[in-house]
Amino acid sequence: MSFPTPTRITVLISGNGTNLQALIDAQPTTLSPARIVRVISNKKAAYGLERAKTANIPTAYHNIVAYRKKYEPKDETAARQAYDADLAALVLKDAPNLVVCAGFMHILSPQFLEPLAEKGVDIINLHPAKWGMFDGAGAIEKAHKAFMDGEITETGVMIHYVIAQVDRGELLVEEPIPLVHPDDDTVEALQEKIHSVEHKLIIRGTLMAIENLQRKQSS
Ligand SMILES: Nc1nc2c(c(=O)[nH]1)N[C@@H](CN(C=O)c1ccc(C(=O)N[C@@H](CCC(=O)O)C(=O)O)cc1)CN2
Ligand SMILES: NCC(=O)N[C@@H]1O[C@H](COP(=O)([O-])[O-])[C@@H](O)[C@H]1O
């Protein structure tokens, strides 16, 4: 009986890395035999890099400032395209099967997406909102304002595939979160509730993406 080769996962982060930590903690159990082969941050001070080092997972810091300096006068598009092309090469050096964006606060251009697609590497992203609601950065704050303005009574967390259009890739899994006064009448209270859902959903979503990859490989 042939067993599928263990899925190789690269995780992209920008911050504290609590969702990365959930993936690290799940490696010996629910996530096994999949392994995180590298953690890459676009922010040098990201505590998630420390979490990876503590878990003996290779890390890298990919710095966009150098690219912005290289493309003077300010050509943000050229800088981002070069940054993304080099990020793709950096990721592909580890031959991952799956990339997980876990709080990666950088919009990825086709210069990143296309080289990975050519190699059959899937990219998924954790987003603290329901699909089609509050795309982009600051989703929790946007949801909280809409709740306090009486516009919504529910938000959620989702894992989706990453395409050029931000937060509009195919949905993998979504968990609704009812909004209830006074439990959610501060952003901090809502953030805490959302983060606890995220830490479970990122495992579920990653496992679903692995199953989809294995189904693709066996077809
Ligand atoms: N092409 C895509 N790239 C990314 C996606 C995606 O779905 N398609 N998901 C994001 C994560 N994300 C939301 O889930 C997100 C992250 C960051 C931003 C954003 O506006 N970033 C700014 C910089 C903000 C900052 O530095 O604080 C930017 O890149 O100019 C929007 C959405 C991962 N990338
Ligand atoms: N648009 C993407 C986005 O807002 N992602 C959010 O960044 C945080 C990362 O936390 P962490 O660094 O503790 O995992 C999480 O709340 C995640 O949903």
Side-chain angles (χ1 to χ4, degrees), residues 9-26 30-31 36 39-43 46-48 51 62 80 84 87 91 96 98-110 112-113 116-117 121-149 151-179 184 186-213:
I9 302 170
T10 295
V11 182
L12 304 183
I13 63 166
S14 297
N16 187 2
T18 60
N19 285 283
L20 165 66
Q21 190 64 57
L23 291 169
I24 291 171
D25 295 345
T30 21
L31 221 49
I36 300 170
V39 172
I40 300 174
S41 175
N42 66 332
K43 299 289 181 186
Y47 185 66
R51 295 177 189 272
H62 193 49
R80 289 177 78 108
D84 284 1
L87 178 59
V91 166
L98 177 66
V99 171
V100 179
C101 295
F104 186 61
M105 303 307 285
H106 171 85
I107 297 175
L108 294 160
S109 68
F112 178 83
L113 303 173
L116 269 75
V121 180
D122 283 347
I123 310 165
I124 64 174
N125 176 59
L126 167 73
H127 186 60
K130 290 165 69 175
W131 197 94
M133 301 278 288
F134 312 120
D135 294 342
I140 299 176
E141 295 75 9
K142 292 172 189 170
H144 181 261
K145 183 178 185 312
F147 168 57
M148 298 305 276
D149 292 347
E151 293 162 7
I152 61 171
T153 58
E154 183 180 270
T155 185
V157 178
M158 67 151 172
I159 313 274
H160 64 93
Y161 284 100
V162 170
I163 62 173
Q165 189 181 358
V166 173
D167 296 334
R168 290 303 173 103
E170 181 190 346
L171 181 66
L172 252 175
V173 63
E174 180 178 277
E175 181 157 333
I177 297 175
L179 294 169
D184 302 306
T186 65
V187 178
E188 293 73 22
L190 180 57
Q191 276 171 339
E192 201 173 316
K193 187 183 281 189
I194 286 183
H195 288 328
S196 65
V197 171
E198 288 178 336
H199 300 157
K200 298 185 184 73
L201 205 66
I202 195 157
I203 307 298
R204 256 179 80 197
T206 299
L207 287 172
M208 291 170 73
I210 290 170
E211 283 163 21
N212 290 344
L213 274 167

request  = Apply side-chain contact (heavy atoms from CB on, under 4.5 Å) to the pair L172 and H160, showing each step before the final yes or no.
outcome  = CA-CA 5 Å; L172 252 175; H160 64 93; 5.9 Å; no

Just verifying a value: how many Å separate [X] [atom1] and [Y] [atom2], rounded to the nearest 0.5 Å?
X: Q165; Y: I163; atom1: CD; atom2: CD1; value: 5.5 Å
X: T186; Y: M148; atom1: OG1; atom2: CE; value: 8.5 Å
X: Y47; Y: I13; atom1: OH; atom2: CD1; value: 11.0 Å
X: I194; Y: E175; atom1: CD1; atom2: CD; value: 11.0 Å
X: I24; Y: I36; atom1: CD1; atom2: CD1; value: 5.0 Å

Would you please name every residue forming a salt bridge (charged side-chain N to carboxylate O under 4.0 Å, His left out) with [X], sequence neighbours left out?
X: D135; value: R168
X: K200; value: none
X: K193; value: D184
X: R80; value: E76

Contacts of [X] that satisfy side chain to side chain donor-acceptor pair (under 3.5 Å) - sequence neighbours left out:
X: N16; answer: R51
X: Y161; answer: N212
X: N19; answer: E198

Ring pair (Phe, Tyr, Trp, His ring centres under 6.0 Å) partners of F112, counting only residues at least two apart =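 None.
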
Can you list the residues that meet the side-chain contact (heavy atoms from CB on, under 4.5 Å) rule with [X], with sequence neighbours excluded?
X: E141; result: V187, Q191
X: S109; result: D84, Q111
X: A139; result: H127, P128, A129, F134
X: K130; result: M133, E154, E174

task = Verify side-chain contact (heavy atoms from CB on, under 4.5 Å) between D149 and K145, making sure each step is shown before the conclusion.
result = CA-CA 6 Å; D149 292 347; K145 183 178 185 312; 2.5 Å; yes

What pair of heavy atoms forms the shortest contact from [X] to [Y], and how long is it?
X: L20; Y: G48; result: CD2-O, 3.3 Å
X: D167; Y: W131; result: O-NE1, 3.9 Å
X: L108; Y: C101; result: CD1-SG, 4.2 Å
X: A143; Y: T155; result: CB-OG1, 3.7 Å
X: I203; Y: A22; result: CD1-O, 3.4 Å
X: I202; Y: A102; result: CD1-CB, 3.9 Å

inquiry  = Do L23 and L31 have side chains that approach each other closer than 4.5 Å (heavy atoms only, starting at C-beta)?
reply    =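 When only atoms from C-beta onward are counted, L31 and L23 do touch, with a gap below 4.5 Å.
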
inquiry  = Is the shortest side-chain heavy-atom distance between V157 and P176 below 4.5 Å?
reply    =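 V157 vs P176: side chains apart.
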
Test side-chain contact (heavy atoms from CB on, under 4.5 Å) applied to V11 and I9, step by step = CA-CA 6 Å; V11 182; I9 302 170; 4.0 Å; yes

inquiry  = Using the rule given for side-chain contact (heavy atoms from CB on, under 4.5 Å), can you reason through L12 versus I123, listing the C-alpha separation, both sets of side-chain angles and the distance that settles it, and then say yes or no?
reply    = CA-CA 10 Å; L12 304 183; I123 310 165; 5.8 Å; no

query = Run the side chain to side chain donor-acceptor pair (under 3.5 Å) check on H106 and N42 step by step: do they pass?
reply = CA-CA 8 Å; H106 171 85; N42 66 332; 4.8 Å; no

task = In sequence, state the C-alpha distance, the side-chain angles, and the governing distance for S41 and H62, and then conclude on side chain to side chain donor-acceptor pair (under 3.5 Å).
result = CA-CA 6 Å; S41 175; H62 193 49; over 6 Å; no

query = Using a distance-only test with no angle check, is there a side-chain donor-acceptor pair under 3.5 angstrom linking T18 and H195?
reply =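 No, no side-chain donor-acceptor contact under 3.5 Å.
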
ask   = Can you name the one residue among V162, I159, V173, V99 that meets side chain to side chain contact (heavy atoms under 4.5 Å, CB included) with I124?
value =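 Of the listed residues V162, I159, V173, V99, the side chain to side chain contact (heavy atoms under 4.5 Å, CB included) partner of I124 is I159.
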
inquiry  = Given 3.5 Å as the limit, does a donor-acceptor pair link the side chain of T10 with the main chain of V91, or not?
reply    =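 Between the backbone of V91 and the side chain of T10 there is no qualifying donor-acceptor contact (under 3.5 Å).
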
